[in-house]
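I have placed the structure first, in the form of structure tokens, so that the comments after it can refer back to it.
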Amino acid sequence: MKNHEIAALFERIANVLELKGENTFRINSYRKAARVIGDLTGDIEDLARAEKLTDIPGIGEGTAEKIVEYINTGKMSKYEEVMKGVSEETVALMQIPGLGPKTVAMLNRELGIASLNDLEKALQEDKLQGLFGIGDKKIENIVKGIELFKTSQQRISIGMAYPVVKRIIEGLRHNPQIRDIQAAGSLRRMKETIGDIDILVSGTEGTEIIKSFVNMRGVTQILAAGDTKGSVRVEEGVQVDLRVVREDEFGAALQYFTGSKEHNIHLREIAKKKGLKISEYGIFKGDKKIGGQLEDDIYKILGMDWIPPELRENRGEIEAAQAGKLPKLIEISDIKGDLHNHSNWSDGIPTFEEMARHAMKMGYKYLVVSDHSKSLHVANGLKDDELLEEIEEIDKLNKKFKGFTLLKATEVDIKADGSLDFPDKILEKLDLVVASIHSGFKQGKEKITERMIAAIRNPYVNIIAHPTGRLISKREGYEVDLDKVIEACAETGTALEINCFYDRLDLNDINCRKAKETGAMISISTDAHHLDQMWMIELGVGIARRGWLEAKNVINTFPPDKLKAFCKKKRT
DNA sequence: GCCGTTTTCGGCCCGACTGTTTTCAGTCG
């Protein structure tokens with residue numbers, strides 16, 4: 001699948017054209033093309049073969065030709081043409097905050113600066129002084145920008161940002177000057193990584209609110225503290241911005257600061273065609289404000305349904321909302337249990353009983369105990385007889401519970417040759433089987449795909465855990481043909497997992513949507529090794545919502561009997 | 001480069017801030 005390669009090429013073309021001062025609308029169309037191709041759920045080569053490329057919004061004749069050229073020859077002449085005389089390093093300079101295309105182009109033209117090294121050297125030698133449009137302040141800002149670029153490039157996982165937001169909102173909620181408080185930005189959209197955290201407040205006495213915000217526990221550095229905006233760094237290393245807006249503007253501001261940028265641009269285009277205007281202050285007809293207190297105002301006035309934040313990525317949600325065809329997204333309250341957890345029998349901390357009590361407190365009807373299997377020595381994987389013993393213990397314990405069941409399971413290793421780490425005659429004694437890959441990551445794509453499909457075809461395997469093996473910003477996943485895996489799951493009645501652990505979030509949103517479209521079921525599970533990790537189910541539900549999933553697509557929304565029937569069906 | 005319930009040509013999202021200049025370009029979210 002070449003989707004990401006092609007998207008990256010268009011993104012690079014856009015960056016270089018920007019540096020070269022090309023027409024901004026042309027640049028934006030390359031960016032848009034890059035974005036829609038990156039978001040496609042299908043294979044772009046299939047679309048090219050079917051001559052359907054121009055059906056994709058944002059792809060016209062010109063772009064389609066370039067895609068076809070790349071698919072057929074492995075080259076894109078437009079890309080090679082624009083890259084002449086420009087280095088990637090020069091283009092990368094535009095990522096430094098405060099340096100845009102105009103400044104980078106000017107520095108390159110006047111001083112031959114083509115890399116970060118060149119720029120730092122020129123700064124040391126005071127060479128920027130006296131250039132057109134460059135004053136002392138600008139130089140100071142470039143120095144600061146470089147520092148910022150070096151230190152704070154990384155986005156953090158939503159799992160790290162989420163507790164920070166909860167803490168801040170809890171801490172401020174009781175402040176009498178505050179009427180509404182709500183996280184915005186990519187966190188509200190439940191994106192898997194977060195750049196910085198945006199929190200929006202409506203209320204009077206902005207100065208007072210900001211003051212209590214910047215003096216909160218956990219704040220390590222105050223970056224700004226005015227009367228409408230405060231900005232701090234917290235001990236987790238992330239920047240948090242708090243904005244105070246008027247009550248009658250809260251909805252419009254929330255809509256605006258939630259984004260995504262692409263979603264908002266599309267909405268404003270629609271508004272413009274209707275003779276309206278949207279800004280962070282409201283929705284306007286001429287000079288007259290016709291809405292903005294509620295977020296719903298904006299969508300309603302534009303003639304569409306309110307769109308859940310997780311869908312706001314300009315991936316077709318606006319068209320669906322106009323047609324009244326948005327999915328009824330899964331809610332956290334639909335979840336009846338967690339289907340992947342570890343106890344102190346393998347590498348987890350809690351006992352069975354502690355796990356069960358915690359699950360009941362969360363309102364669950366069932367919880368799966370799925371300890372590791374024997375090959376995974378590092379995780380103290382269970383031997384055959386230990387698993388049989390575990391089954392007996394759980395059976396005994398279950399007699400104590402009413403309206404709740406611990407389900408007997410394993411997270412069985414899919415071994416390097418595709419066989420499973422326990423024989424079928426043991427697996428058949430379990431309520432449910434989770435299977436996953438923990439070894440042989442370096443095998444080729446074909447081999448890994450084969451291994452997985454062999455596991456999927458086993459009649460006892462119900463869930464494939466963390467299907468791609470990626471760890472966010474630590475490790476790429478193993479190579480696997482996920483399309484084939486999804487098809488095999490759909491065909492056999494096997495579920496794919498959204499692993500909720502904050503550095504996994506695997507499947508991701510786009511693959512979830514693909515699974516839904518193909519007809520494969522999903523399990524949302526935490527892979528918790530500790531009771532304090534079971535809350536992460538919220539992250540998984542967020543990813544599921546981003547993947548357009550409804551409760552009916554997710555097996556752990558099923559009541560106990562229906563879940564059991566789902567697992568049994570494969571065995572018959 | 002894309003796109004069309006005013007358009008096949010002439011548009012293409014909005015507002016704030018900053019630093020530089022002397023009315024505005026560049027950058028950002």
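Owing to the predicted nature of the structure, the values given are computational and were not obtained by experimental measurement. A, B, ... follow the sequence lines: proteins, then strands. Residue 1 opens every chain.
Ion pairing between A:Lys445 and A:Asp481 fails under the 4.0 Å rule for side-chain N and carboxylate O. Here A:Asp46 pairs with A:Arg49 in a salt bridge; the nearest charged N to carboxylate O distance falls below 4.0 Å. The pair A:Lys325-A:Asp305 fails the salt-bridge criterion, with no side-chain N (NZ, NE, NH1 or NH2) lying under 4.0 Å from an Asp/Glu carboxylate O. A salt bridge is absent between A:Arg189 and A:Glu310; no separation between the charged side-chain nitrogens and carboxylate oxygens falls under 4.0 Å. Salt bridge status for A:Glu538 with A:Lys166: present, with a side-chain N to carboxylate O gap under 4.0 Å. Ion pair A:Arg188/A:Glu295 flagged as a salt bridge, since at least one NZ, NE, NH1 or NH2 atom sits closer than 4.0 Å to an Asp/Glu carboxylate oxygen.
Listed by first and then second residue, the ring-ring contact (aromatic ring centres under 6.0 Å, His included) pairs that reach into residues 156-192 of chain A are A:Tyr162-A:Trp535, sequence neighbours excluded. Sorted by first and then second residue, the side chain to side chain donor-acceptor pair (under 3.5 Å) pairs with a member in residues 206-226 of chain A read A:Asn175-A:Ser212; sequence neighbours excluded.
When both distances must be under 3.5 Å, the Watson-Crick or G-U wobble mate of B:dT8 does not exist.
Under the side chain to side chain contact (heavy atoms under 4.5 Å, CB included) criterion, A:Asn3 pairs with A:Met1, A:Ile37, A:Leu40, A:Asp43, A:Ile44, not counting sequence neighbours. Not counting sequence neighbours, the partners of A:Arg31 by the salt bridge (Lys or Arg N to Asp or Glu O under 4.0 Å) test are A:Glu11, A:Glu18. With sequence neighbours excluded, no residue forms a salt bridge (Lys or Arg N to Asp or Glu O under 4.0 Å) with A:Glu331. Every residue two or more places apart in sequence or in another chain was checked for a salt bridge (Lys or Arg N to Asp or Glu O under 4.0 Å) with A:Glu65, and none qualifies. By the salt bridge (Lys or Arg N to Asp or Glu O under 4.0 Å) test, A:Glu170 is found to be paired with A:Arg173, residues two or more places apart in sequence or in another chain being considered.
In this structure, A:Ile27 atom CD1 and B:dG1 atom P are separated by 11 Å, rounded to whole Å. Atom pair A:Leu17:CG and B:dC2:P shows a separation of 13 Å (rounding to whole Å applied). Here B:dG1 presents its P atom at 13 Å from CD of A:Glu69, a figure rounded to the nearest Å. Taking atom CG of residue A:Asn23 and atom C1' of nucleotide B:dG10, one finds them 12 Å apart after rounding to whole Å. Between the CZ atom of A:Phe284 and the C1' atom of B:dG15 there is a distance of 11 Å, rounded to whole Å. For the pair A:Ile37 CD1 and B:dG1 C1', the computed distance is 13 Å after rounding to whole Å. We find that CD1 of A:Ile67 is positioned 12 Å from C1' of B:dG1, with the value rounded to whole Å. Between the CD atom of A:Glu249 and the P atom of B:dG15 there is a distance of 12 Å, given to the nearest Å.
Between A:Asn264 and A:Tyr30, the residue whose closest nucleotide on DNA chain B is further toward the 5' end is A:Tyr30.
The gap from the C1' atom of B:dT21 to that of B:dA25 amounts to 10 Å, rounded to the nearest Å. As rounded to the nearest Å, B:dC17 and B:dT22 have P atoms that lie 23 Å from one another. Taking atom P in both B:dT6 and B:dC12, the straight-line distance is 15 Å, to the nearest Å. Comparing B:dT27 with B:dT20, their P atoms are spaced 13 Å from each other, to the whole Å. Nucleotides B:dT23 and B:dT18 place their C1' atoms 15 Å apart, quoted to the nearest Å. When the C1' atom is compared between B:dT8 and B:dC3, the two are found 9 Å apart, to the nearest whole Å.
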Could you list all N or O pairs between the protein and nucleotides 4-8 of chain B that sit under 3.5 Å apart?
none

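In this structure, A:Glu120 and A:Glu125 have side chains that are not in contact, with every pair of non-hydrogen atoms separated by 4.5 Å or more.
In the region residues 287-308 of chain A, proximity to DNA chain B at under 4.0 angstrom, judged on heavy atoms, holds for none of the residues. For the contact set between residues 48-63 of chain A and DNA chain B, defined by any heavy atom under 4.0 Å, the members are A:Pro57, A:Gly58, A:Ile59, A:Gly60, A:Glu61, A:Gly62, A:Thr63.
Counting any heavy atom pair closer than 4.0 Å across all strands shown, A:Ile278 reaches sugar-phosphate atoms only and no base atom. Looking at heavy-atom distances under 4.0 Å, A:Lys66 makes contact with sugar-phosphate atoms alone, never a base.
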Base contacts versus sugar-phosphate-only contacts with protein, heavy atoms under 4.0 Å: please encode nucleotides 17-29 of chain B as B, S and - from 5' to 3'. --SS-----SSSB
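Between A:Lys272 and the phosphate of B:dC12, there is a side-chain N or O to OP1/OP2 separation shorter than 4.0 Å.
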Which donor-acceptor pairs under 3.5 Å do the side chains of residues 277-293 of chain A make with protein atoms, sequence neighbours left out?
residue: A:Ser279; atom: OG; partner: A:Tyr281; partner atom: N; Å: 3.1
residue: A:Lys289; atom: NZ; partner: A:Asp248; partner atom: O; Å: 3.1
residue: A:Lys289; atom: NZ; partner: A:Tyr281; partner atom: O; Å: 3.1

